Protein chains: 2
Amino acid sequence: MDKKKLYRAFKAIGEPTRLKIVKMLAQGSFCVCELSEYLDMLQPRISQHLKILKDEGLVRENRESYWVYYSLDKEAFHRLWHDFMAYLDTDLKTLGEFEEVVKRMENKVCNQRIRDTKIKKMQNKLSGEQN
Amino acid sequence: MDKKKLYRAFKAIGEPTRLKIVKMLAQGSFCVCELSEYLDMLQPRISQHLKILKDEGLVRENRESYWVYYSLDKEAFHRLWHDFMAYLDTDLKTLGEFEEVVKRMENKVCNQRIRDTKIKKMQNKLSGEQN
DNA sequence: TATTTATATAAGGATTTAAGAATATATTTA
DNA sequence: TAAATATATTCTTAAATCCTTATATAAATA
């Protein structure tokens, strides 16, 4: 429900290499060397991207002797979307981040100006028609 | 179902300013000047981010005289998640992007090596126990 | 303990991106 | 047509990001 958590998760998926890794892990669990070999990418590149996905809680790691197997936390993905939808549905007033925004909206400075302009325009048109 | 389309949409949401704009538009439709005023951001900044969201088909624009009102295409969001889930479920073999990957996996060079190592290790342990 | 294998982290360079300033375009009105 | 208003686009700079190379860490084995 936290904005930062949301955009960071989307940012994590919103990158071609990481989406490719996510797609691989959707097929099953793989260790770093397998991903590196199958995707034909250098190992540090895989590790770094996996770290980003892990930091967002989207993948899990599982050490087996030398190898660290990574797998998708599918529940985390569903939670992500659910939280995002809930975030969009949440009343602005209850979100601390929008405190100042809500104040500005209550003043309706901008809306007021627009409305005034529109009213003025309509009045002008009407008075024009009366001539 | 296209990987590029997917990661670009997530990338669009995966940025704090744009997520904030999306959240605003989830409350209703706003023109650029309203967003600019309420979010206390310079107008070009709003326009630029709206363009990115629009390019991904996540928001719609609607001109009314001077003003361009933007609104959320909620259906596009649902479609995005649906397509993402479908992408994850799709067989690797049917995705052109993974053609080479599938070939490498079929060779099982990496798996083979790992398996061999594990088998060797197990054999060593077994032979050790027999001593 | 030294070596091997797999993975993680750090440093560097190249590219991309976001933000602000300046300018251009579009629509309406005088 | 000129001026006013709202929006879009361009340009520049600073920061972030990605990839590679090099190095460090962790686990297993000789």
Side-chain angles (χ1 to χ4, degrees), chain A residues 7-8 11-21 29-37 39-55 59 61-70 109-128, chain B residues 7-8 10-21 29-37 39-55 59 61-70 109-125 127-128:
Chain A
Y7 86 74
R8 288 180 131 256
K11 187 177 192 175
I13 322 175
E15 201 275 339
T17 304
R18 285 193 292 271
L19 182 54
K20 211 164 176 178
I21 290 175
S29 99
F30 292 95
C31 68
V32 178
C33 70
E34 286 174 309
L35 291 172
S36 176
E37 171 145 349
L39 294 175
D40 194 26
M41 295 176 188
L42 294 171
Q43 173 265 317
R45 187 175 166 193
I46 302 287
S47 281
Q48 284 160 356
H49 284 300
L50 281 170
K51 179 172 165 48
I52 291 171
L53 291 168
K54 195 182 68 182
D55 287 348
V59 303
E61 64 181 358
N62 205 296
R63 180 137 221 157
E64 277 187 40
S65 150
Y66 288 149
W67 301 276
V68 179
Y69 285 88
Y70 282 86
V109 182
C110 192
N111 265 322
Q112 204 58 52
R113 188 176 46 196
I114 288 165
R115 222 172 270 131
D116 288 352
T117 311
K118 283 187 175 169
I119 289 167
K120 209 173 103 191
K121 191 168 41 170
M122 284 162 66
Q123 286 173 335
N124 287 335
K125 277 189 183 168
L126 285 169
S127 65
Chain B
Y7 86 74
R8 288 181 130 258
F10 286 128
K11 189 177 191 175
I13 322 175
E15 201 275 339
T17 303
R18 286 193 291 272
L19 183 53
K20 211 164 176 177
I21 290 175
S29 101
F30 292 95
C31 68
V32 178
C33 70
E34 287 173 309
L35 292 172
S36 176
E37 170 145 351
L39 293 176
D40 193 27
M41 295 176 188
L42 294 171
Q43 174 266 317
R45 187 175 165 192
I46 302 288
S47 283
Q48 286 160 354
H49 284 300
L50 281 170
K51 179 172 165 47
I52 290 171
L53 291 168
K54 196 182 68 183
D55 287 348
V59 304
E61 64 181 357
N62 205 294
R63 178 140 222 154
E64 276 187 41
S65 152
Y66 288 149
W67 301 276
V68 180
Y69 284 88
Y70 283 87
V109 181
C110 191
N111 265 322
Q112 204 59 51
R113 188 177 45 195
I114 288 165
R115 222 171 270 131
D116 287 353
T117 312
K118 283 187 175 168
I119 288 166
K120 209 172 103 189
K121 190 167 40 166
M122 283 162 66
Q123 286 173 336
N124 285 336
K125 277 190 183 168
S127 65

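Here the structure is a predicted model, which means the values were calculated and not measured. So that the names make sense, note that chain A is the first sequence line, chain B the second, and so on, each numbered from 1. Because only heavy atoms are used, hydrogens play no part in the values below, and waters and symmetry mates are left out as well, while side chains stay in.
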*Asks:* Could you tell me how far apart Gln43(A) (CD) and dT25(D) (C1') are, to the nearest whole angstrom?
*Replies:*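 In whole Å, dT25(D) C1' lies 12 Å from Gln43(A) CD.
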*Asks:* Ignoring backbone atoms, test whether Tyr66(B) places a side-chain nitrogen or oxygen under 4.0 Å from the OP1 or OP2 oxygen of dA8(D).
*Replies:*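 For Tyr66(B), the contact criterion (side-chain N or O under 4.0 Å from OP1 or OP2 of dA8(D)) is not met.
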*Asks:* Do the non-hydrogen side-chain atoms of Ile13(A) and Tyr7(B) ever get within less than 4.5 Å of each other?
*Replies:*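 The answer is no, as the side chains (C-beta and beyond) never meet within the 4.5 Å cut-off.
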*Asks:* For Lys54(A) and dT7(C), give me the distance from atom NZ to atom C1', rounded to whole Å.
*Replies:*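 Those two atoms, NZ and C1', are 10 Å apart.
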*Asks:* Atom CG of Leu50(B) and atom C1' of dA19(C): how far apart are they, to the nearest Å?
*Replies:*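 Going from Leu50(B) (CG) to dA19(C) (C1'), I get 15 Å.
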*Asks:* How many Å lie between CE on Met41(B) and C1' on dG20(C), as a whole number?
*Replies:*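 Going from Met41(B) (CE) to dG20(C) (C1'), I get 13 Å.
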*Asks:* Find the distance Arg63(B):CZ to dT5(D):C1' and express it as a whole number of Å.
*Replies:*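 Computing the Arg63(B):CZ to dT5(D):C1' distance gives 10 Å.
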*Asks:* Find out whether Lys20(A) and Met41(A) are in side-chain contact, i.e. whether some heavy atom of one side chain is under 4.5 Å from a heavy atom of the other.
*Replies:*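 Yes, side chains in contact.
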*Asks:* So, taking the atom named CD in Gln48(B) and the one named CD in Gln43(B), what distance separates them when rounded to the nearest 0.5 Å?
*Replies:*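 Reported value, rounded in 0.5 Å steps: 8.5 Å.
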*Asks:* Using side-chain heavy atoms (C-beta onward) and a distance below 4.5 Å, is Lys11(A) in contact with Phe10(B)?
*Replies:*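 When only atoms from C-beta onward are counted, Phe10(B) and Lys11(A) do not touch, as no gap falls below 4.5 Å.
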*Asks:* For Lys51(A), enumerate each residue passing the side chain to side chain contact (heavy atoms under 4.5 Å, CB included) test, keeping only those at least two apart in sequence or located in another chain.
*Replies:*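 Partners of Lys51(A) by the side chain to side chain contact (heavy atoms under 4.5 Å, CB included) criterion, ordered by chain and then number, come out as Asp55(A).
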*Asks:* With 3.5 Å as the limit, what N/O pairs link the protein to nucleotides 12-19 of chain D?
*Replies:*
{"from": "dT17(D)", "atom 1": "OP1", "to": "Lys11(A)", "atom 2": "NZ", "distance (Å)": "2.3"}
{"from": "dC18(D)", "atom 1": "OP1", "to": "Arg18(A)", "atom 2": "NH1", "distance (Å)": "3.4"}
{"from": "dC18(D)", "atom 1": "OP1", "to": "Arg18(A)", "atom 2": "NH2", "distance (Å)": "3.0"}
{"from": "dC19(D)", "atom 1": "OP1", "to": "Thr17(A)", "atom 2": "OG1", "distance (Å)": "3.0"}
{"from": "dC19(D)", "atom 1": "OP1", "to": "Arg45(A)", "atom 2": "NE", "distance (Å)": "3.1"}
{"from": "dC19(D)", "atom 1": "OP1", "to": "Arg45(A)", "atom 2": "NH2", "distance (Å)": "2.6"}
{"from": "dC19(D)", "atom 1": "OP2", "to": "Arg45(A)", "atom 2": "NE", "distance (Å)": "3.4"}
{"from": "dC19(D)", "atom 1": "OP2", "to": "His49(A)", "atom 2": "NE2", "distance (Å)": "2.4"}
{"from": "dC19(D)", "atom 1": "O5'", "to": "Arg45(A)", "atom 2": "NE", "distance (Å)": "3.4"}

*Asks:* Grab the OH-P distance between Tyr70(A) and dT7(C) for me, whole Å please.
*Replies:*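 Nearest whole value for this atom pair: 9 Å.
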*Asks:* Which one, dT9(C), dT7(D), dA22(C), comes nearest to the side chain of Pro44(B)?
*Replies:*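 In terms of side-chain proximity for Pro44(B), the closest of dT9(C), dT7(D), dA22(C) is dA22(C).
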*Asks:* Among the nucleotides dT5(D), dT7(D), dA8(C), which one has an atom lying closest to any side-chain atom of Cys31(B)?
*Replies:*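 The answer is dT7(D).
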*Asks:* To the nearest Å, how far apart are Trp67(B) CH2 and dA8(D) P?
*Replies:*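 Distance check: Trp67(B) CH2 to dA8(D) P gives 14 Å.
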*Asks:* Would you check if Tyr69(A) and Glu64(A) make a side-chain contact, meaning some heavy-atom pair closer than 4.5 Å?
*Replies:*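 Yes, at least one pair of side-chain atoms sits under 4.5 Å.
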*Asks:* Quick one, Leu35(B) and Leu50(B) - any side-chain contact, counting heavy atoms below 4.5 Å?
*Replies:*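 Leu35(B) vs Leu50(B): side chains touch.
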*Asks:* Report the distance from atom OH of Tyr69(B) to atom P of dT27(C), rounded to the nearest whole Å.
*Replies:*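 Atom-to-atom, Tyr69(B) to dT27(C), this comes out as 16 Å.
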